[in-house]
Structures are given as C-alpha cells and as structure tokens.
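Notes for the one structure printed next.
It should be emphasised that the depicted structure is a prediction, and the values quoted were computed from it without experimental measurement.
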Amino acid sequence: MNIIKPWHLAILLITTLLSDNVFAQSVKKEIANIRNDTTYFHGTGEVAGTYDDARESALLALYGDIARNCDPHAIYLPDNGDRQVEDIVSTFRQRVVEKSAELYAEENDETEEYQCFIYLRRSEFREMCADRKAEIQKYLTRGMEMEELASFEDALKSYYWALMLCYAHPQGKKLVFRTIEDESVDYEWFVNRIDGNDGILKSFNFIVPKENAIQEDGSGMVVKLKVMTNVGLPVANLRCEYHNGRKYIANTVRDGNMVVNLLDKNISDFKVKVDYSFAADAKKMNAAVHNAMETIKVPRFSNNIRTIDLEKTMNVKEKNEVPELAAMGKNDIPAPKSYLDKMRMIEQALRDGDLESARGCFSEDGFNMMDTLAGYGHVTVAGKQDYKLLEYNDEVICRSMMLQFDFRNTPGFSQDVVFRFDTVNKVVTSIAFRLSDKAEDDIMSKTKWPEQSRLVLINFLEDYQTAYALKRHRYLESIYSDDALIIVGRVVKKTVIPDRMTFKLTDEEVQMKKYDKDTYLNNLLDCFNSQDYIWLRFTDTDFTKANGSSDVYGVRVRQEYFSSTYGDVGYLFLLVDLRDHLPKIHVRAWQPDAVDLEKLMTLGDVRMN
C-alpha cells in the first residue's frame, strides 16, 4: 500500500498554487495584449457572483466600446437618450455572442467572484453591419414587388422591418439603397412609402357594400367589408385590428375581403387599426428586427387608424370566378338543387353552432374534416353566400363558402372554403381552403396545359395547404412517394419517378439537410402534436411543366408558415406527378427567404437524362 506523507500533500498544494498563478498571469497578459491591439473591440465586466452575470456585464461593456469606437452615424431619435448607439449595437447580440471570445480575469469558485473579459474583431463587426445593410436592401426590393401586387401586408412588413434595421444600424444616417428603378434612396424613403402622402397607409379604402354587407347575428352583427386600392383593385392582403364594441380584435384582409363581428347591432361606426410593425411576427421570424423593436423607441405612424361609417355604403362589383376556371367542367349539372340545398343546410348549421345537425350532408371523412375545421378557432359564416357549382370527373365542386376564423392570441382571417361532393351519394367527401386569386390565375393562365391537369393541380395545392391546418397526417403520408426526397437546402442529387425518368441538377455544391419520407413524416407528426394551430399561406407562385414529361410539374410557392410557437418564410418547391389517380410528391425542398428569387430551385435547374 502506498502511504501519502504530509510533505507529499504540501508539495502538491504548492505545485497547484504555482500552476494556477502562472495560468492567471498568462490570462492577464493575453487580456493586456488584446486591449492594446486596435483590431479588437473589448469589454471588461464588473465582478459578479455567477458566470452568467459576469458575462452579461462584460457584454454591456463591449457594446459601449463598440459604440464609442465604430465611428457611428446613427439616425438620431430623441426618445432614446444618451445610450442610443450602445442600444443599437446591442441589437446585434446574437451575432456578437457567436463571434466574440471570452476570458476570465477573476475566477474564484470559493468566494464566488468572477470577472469576464470579452473581445471581438473589428472586422467581424464590420461584416455584421454589411450583412444588415444587405438585409435592408432585400426588404426594400421585396416591399416594392409586393406593393405592385397590392399585397400591402407583405409590403408594409418589408418596409417597416427595413426601417427598423436602418434605425438599428450604427451608420444608419449614411446608408444608401437602390430601388427597382435604380434610384438612390435613404431611410426616409421607407418612412414616405409607409406613411407619406402617397404611401401605402393612404392608398386603400375600407368600403361597406350596399348589398349583402351587414347581417344581424343575435344581439350583434357580421359586417363583410371590401378593401380596395385607390384605383379600384382588391387589396391582396393586409393585417389589422378592429374594435368590436368592447375591445380590439386582430384580423386580416384577403383578396379584398375583411369580415368583422360587432357585439352590438346598433353600432353605427367602428375603428380599424392597420398593422405596419408586425411585432409578433418579428419575434418568431427575425431576431434582429425583434431586438430593434424591443430596444429602440421610434415614432409611430398616425395614418393607420380608420373610422368605418356603416351608414356610408357604396356599390361594389362582386369578385367573379377566374374566367378559365368558371368555363371548366359541365354547366348542365344534374339536380343542382340537391347540392345547393345541402350547402345551405351546412351554412345554417355553422351559423347555429350545431354542425351535428348537418352530419347527413357529409361522408364520414368529410364530416371529420368539417368538424376539425369548425374547431379551428371561432368560426363565423361571413355574410350572404353565393355558391358556384362545377362538375368534373366524379365530383361536384362547390366554390365556395366564406368563413371567418378568429383566435384568442393570433390574428383572425377570412377564408373561402371549397366543398367537394361525390356524384353518387351527393355528400361532401372533402373540404379545402381555396387558393388565393393570384395562385388560381397563375395556374389557369397556363392554357397550353390540359384542362384536367390544371384543375387537379388547383385541388392538390388546396388540399396540401389545408392538410397542415387540419393536421391530416395520413393524407400527407399518402401523397409522398416511398422514395421521396425531402430537403432543406437547394440541391437535389437525383430522384427516380415511376417510369424511370431521372431528374438531375447541376453540380453546384450547397449544404442541405435531407430526410427520407418516414423521418420527415415522424417529425411532422411531432410538430402537429405540439402546436395548437398551424397555418400555411402561399403568396408568390410559379408553375412549370417538365419538358418531355406527361403531367409532371414543378410547383414553387413562397410559403408563410405560422404556428402557435414558431413562424418562418421561405420558398417551397414540389415536384408533383399528376399521372396517377392520386398526385404524388417526389421532391419537396424548402429554402429560406434570404435566397434571391432567380437563384431558387425551379425546373429550369432540372434536366432530363
């Protein structure tokens, strides 16, 4: 047995103390060298009782050093005090934490005293500022594109988030950007596009139609508004709040329609506040913008508040079906009254909150879908409905019932819902959210494609976006081929579809995550189980038929994904085979919004072997 002598312990203790002292001296020397190196920013925190508190104190000191020495030309905002530049620097927090390094000048576990020193290369911070400027430019371009389409929600979000990043840039006053017309502009351009004399907030009107706009609902009423641009076009999208007689309720405009539920049928006017900041979205989707909103006090815009006078009504031309879509199928539907009667029974059941009374209008699957949808927030039938029937193959399609969905913690929205009947039992076998007017137009404008393919593609995309809202895991499982590639990133190596046609991309190397069908669907099921709600919204759309193929299509959409805990925006590419009875997805690729549109995956990237 080895016996440790007392003098052994003394030597060990002395050695340890000497080693600790040498290390401490080495750290202090390294800190001194960094302080004297002009290629670094640095900050030394106060002595604190925990590592986290010491690190946070050092970060604040680092922000101060950057603010003093980065040659700032910030946009002066009077309500932000003397620390405005430091607050601006703090909006880079995530990137600063990622790129900086730390040392501890004091580290004593016995006395619980810690002092942190953090340093960052100046070149790293310059790169962060350059990236922020590029992000502002991206939002400017995006905003102009969306404004042209009367997609005012997207345009306002892009412009305001760009403005916030200007305010949160140390050189914000000197930044110059380029418009689509190649005009040089600065941060004031964003202010004018949002709230100027010809800005978005002054470019549209809320209209109470003379016919079918107001319907009593118990002691209250449902009002179906039209939202039109100053030149008479429907506003594609807009986010707002309206006062229902008791409080403000979050809502949205879609394709020129907005539905409000007022608590008192004697109300003669009410206020609407148009959202231009989208703070809740920023919290989920853009940390830099969220940090800026939380940190920097900015002036508010005043033209976002409107008063809607219910007694001032106007004649408004109702939206017609897409002409090519209306002309499809048979016009001489046998016994149309039987379908319309069932639609009115379903409508009344929803108004009464008694869906069970209309169970006989549905197949079992159809009723389950409708029952799930009826529980998707608070559902209201929006005003008087005008149903159009279209027979195609073995279905009669009813387009459509407008429903208003309201939620407790997220903006409500109005949505046209499509009902599909079988022609044998004349019951609803499935329902789906109708595509936007623009998406329908984009598909129906492809007049060289077979009529059947266009209608199947519309039905497929309606089902796809609705499947997430209704959490239809089995349906999604059925539409992915067994060897489907599901990709986050840009590159697909190869996918073989049933007749052995092979699609390949160019040799460009890009990082990506690739999932097989089972892994992707298992992850999706976990997502469905953990979220109170999921909502997909498709905006920009592009559809291309694969050269030399029969009914194989590339579908690219700009997808906005919102759930109870998460949100993102990106581009979704689907390679869809419509040749079998049920469409099949062979490739699904999602990529972030940061990729320029011309660089996105399209069938232009795909070539046939």
Side-chain angles (χ1 to χ4, degrees), residues 150 152-153 156 195 199-276 300-320 344 347-348 350-353 377-387 400-408 410-417 437:
F152 290 158
E153 176 181 326
L156 284 170
D195 202 43
I200 292 177
L201 292 177
K202 290 186 177 182
S203 66
F204 59 89
N205 299 289
F206 292 92
I207 299 171
V208 183
K210 281 191 175 181
E211 296 182 0
N212 303 324
I214 301 175
Q215 180 176 340
E216 291 189 6
D217 182 23
S219 60
M221 57 182 165
V222 177
V223 182
K224 186 176 177 181
L225 299 174
K226 291 294 183 182
V227 188
M228 312 294 286
T229 68
N230 291 345
V231 295
L233 298 175
V235 171
N237 57 50
L238 191 69
R239 191 90 60 86
C240 52
E241 296 179 322
Y242 70 93
H243 200 279
N244 70 352
R246 183 182 301 161
K247 62 180 180 180
Y248 277 98
I249 304 294
N251 206 345
T252 54
V253 175
R254 291 288 176 264
D255 291 328
N257 296 298
M258 175 175 163
V259 179
V260 302
N261 291 285
L262 303 178
L263 298 181
D264 186 350
K265 62 185 176 184
N266 297 313
I267 289 176
S268 60
D269 62 56
F270 62 95
K271 290 189 180 299
V272 174
K273 293 181 181 178
V274 176
D275 190 358
Y276 56 78
R300 294 196 59 81
F301 297 123
S302 59
N303 288 313
N304 71 317
I305 301 176
R306 306 286 186 90
T307 298
I308 312 302
D309 188 342
L310 294 176
E311 296 179 357
K312 290 184 178 180
T313 61
M314 292 179 59
N315 287 317
V316 179
K317 185 178 180 180
E318 284 294 325
K319 176 186 72 176
N320 295 321
R344 294 187 184 102
E347 177 185 329
Q348 192 59 49
L350 288 169
R351 293 187 189 278
D352 295 340
H378 175 71
V379 179
T380 307
V381 179
K384 184 178 178 181
Q385 304 298 306
D386 182 21
Y387 301 121
S400 49
M401 183 186 294
M402 181 178 285
L403 298 179
Q404 173 69 19
F405 298 87
D406 292 304
F407 304 91
R408 181 175 298 177
T410 196
F413 61 92
S414 59
Q415 177 70 53
D416 283 317
V417 177
D437 290 351

Legend entry - Approximate separation, where rounding is to 0.5 Å, of Ile308 CD1 and Asp269 CG: 9.0 Å
Legend entry - Partner set under ring-ring contact (aromatic ring centres under 6.0 Å, His included) for Phe270, not counting sequence neighbours: none
Inset, instruction - Please name the pair of heavy atoms, one in Val222 and one in Val381, separated by the smallest distance, quoted to 0.1 Å. - result: CG1-O, 4.3 Å
Legend entry - For Ala213 against Val208, the heavy-atom pair lying closest together: CB-CG1, 4.1 Å
Inset, instruction - State, to 0.1 Å, how close Thr252 and Ser414 come at their nearest heavy-atom pair, and which atoms those are. - result: OG1-N, 4.2 Å
Inset, instruction - Side-chain contact test, heavy atoms from C-beta onward, threshold under 4.5 Å: evaluate it for Gln215 versus Arg351 and give yes or no. - result: yes
Legend entry - Euclidean distance, Lys226 NZ relative to Asp255 CG, rounded to 0.5 Å: 9.5 Å
Inset, instruction - Check the pair Leu310, Met221 against side chain to side chain contact (heavy atoms under 4.5 Å, CB included), reporting the backbone distance first and the verdict last. - result: CA-CA 11 Å; Leu310 294 176; Met221 57 182 165; 3.4 Å; yes
Inset, instruction - Might you point out which heavy atoms bring Lys224 and Lys384 nearest each other, and give the distance in Å? - result: NZ-O, 4.0 Å
Legend entry - Six-ring centre of Phe204, Arg306 cation under 6.0 angstrom, axis tolerance 45°: yes
Legend entry - Lys202 NZ: over 12 foreign heavy atoms closer than 6.0 Å: yes
Inset, instruction - Kindly write out the residues that satisfy side chain to side chain donor-acceptor pair (under 3.5 Å) with Asp406, not counting sequence neighbours, or none if the list is empty. - result: Asn261, Gln404
Legend entry - Check against side chain to side chain contact (heavy atoms under 4.5 Å, CB included), Val259 and Leu225: CA-CA 6 Å; Val259 179; Leu225 299 174; over 6 Å; no
Inset, instruction - Output, in order, the C-alpha distance, side-chain angles, deciding distance and verdict of side chain to side chain contact (heavy atoms under 4.5 Å, CB included) for Leu156 and Leu238. - result: CA-CA 9 Å; Leu156 284 170; Leu238 191 69; 4.0 Å; yes
Inset, instruction - To the nearest 0.5 angstrom, please state how far the CD1 atom of Ile249 sits from the CG atom of Leu262. - result: 10.5 Å
Legend entry - Electrostatic pair Arg239:Glu153 at N-O distance under 4.0 angstrom: yes
Inset, instruction - Measure the spacing between CG of Asp416 and CG of Asn257 and express it to the nearest 0.5 Å. - result: 7.0 Å
Legend entry - Any Pro234 side-chain heavy atom under 4.5 Å of Met228 side chain: yes
Inset, instruction - Report yes if some heavy atom in the side chain of Met401 is under 4.5 Å from a heavy atom in the side chain of Glu347; otherwise report no. - result: yes
Legend entry - Shortest non-hydrogen contact from Leu201 toward Tyr276: CD1-CD2, 4.4 Å
Inset, instruction - Can you measure from NE2 (His378) to CG (Leu403) and round to the nearest 0.5 angstrom? - result: 11.0 Å
Inset, instruction - State, yes or no, whether a side-chain contact exists between Asp386 and Asn212 at a heavy-atom distance under 4.5 Å. - result: no
Inset, instruction - Under the side chain to side chain contact (heavy atoms under 4.5 Å, CB included) rule, what do Asp275 and Glu241 come out as? Steps first, then yes or no, please. - result: CA-CA 7 Å; Asp275 190 358; Glu241 296 179 322; over 6 Å; no
Inset, instruction - Please round to the nearest 0.5 Å and tell me the distance separating atom CG of Asn266 and atom OG of Ser219. - result: 9.5 Å
Inset, instruction - Please name the pair of heavy atoms, one in Gln385 and one in Ser400, separated by the smallest distance, quoted to 0.1 Å. - result: OE1-O, 3.9 Å
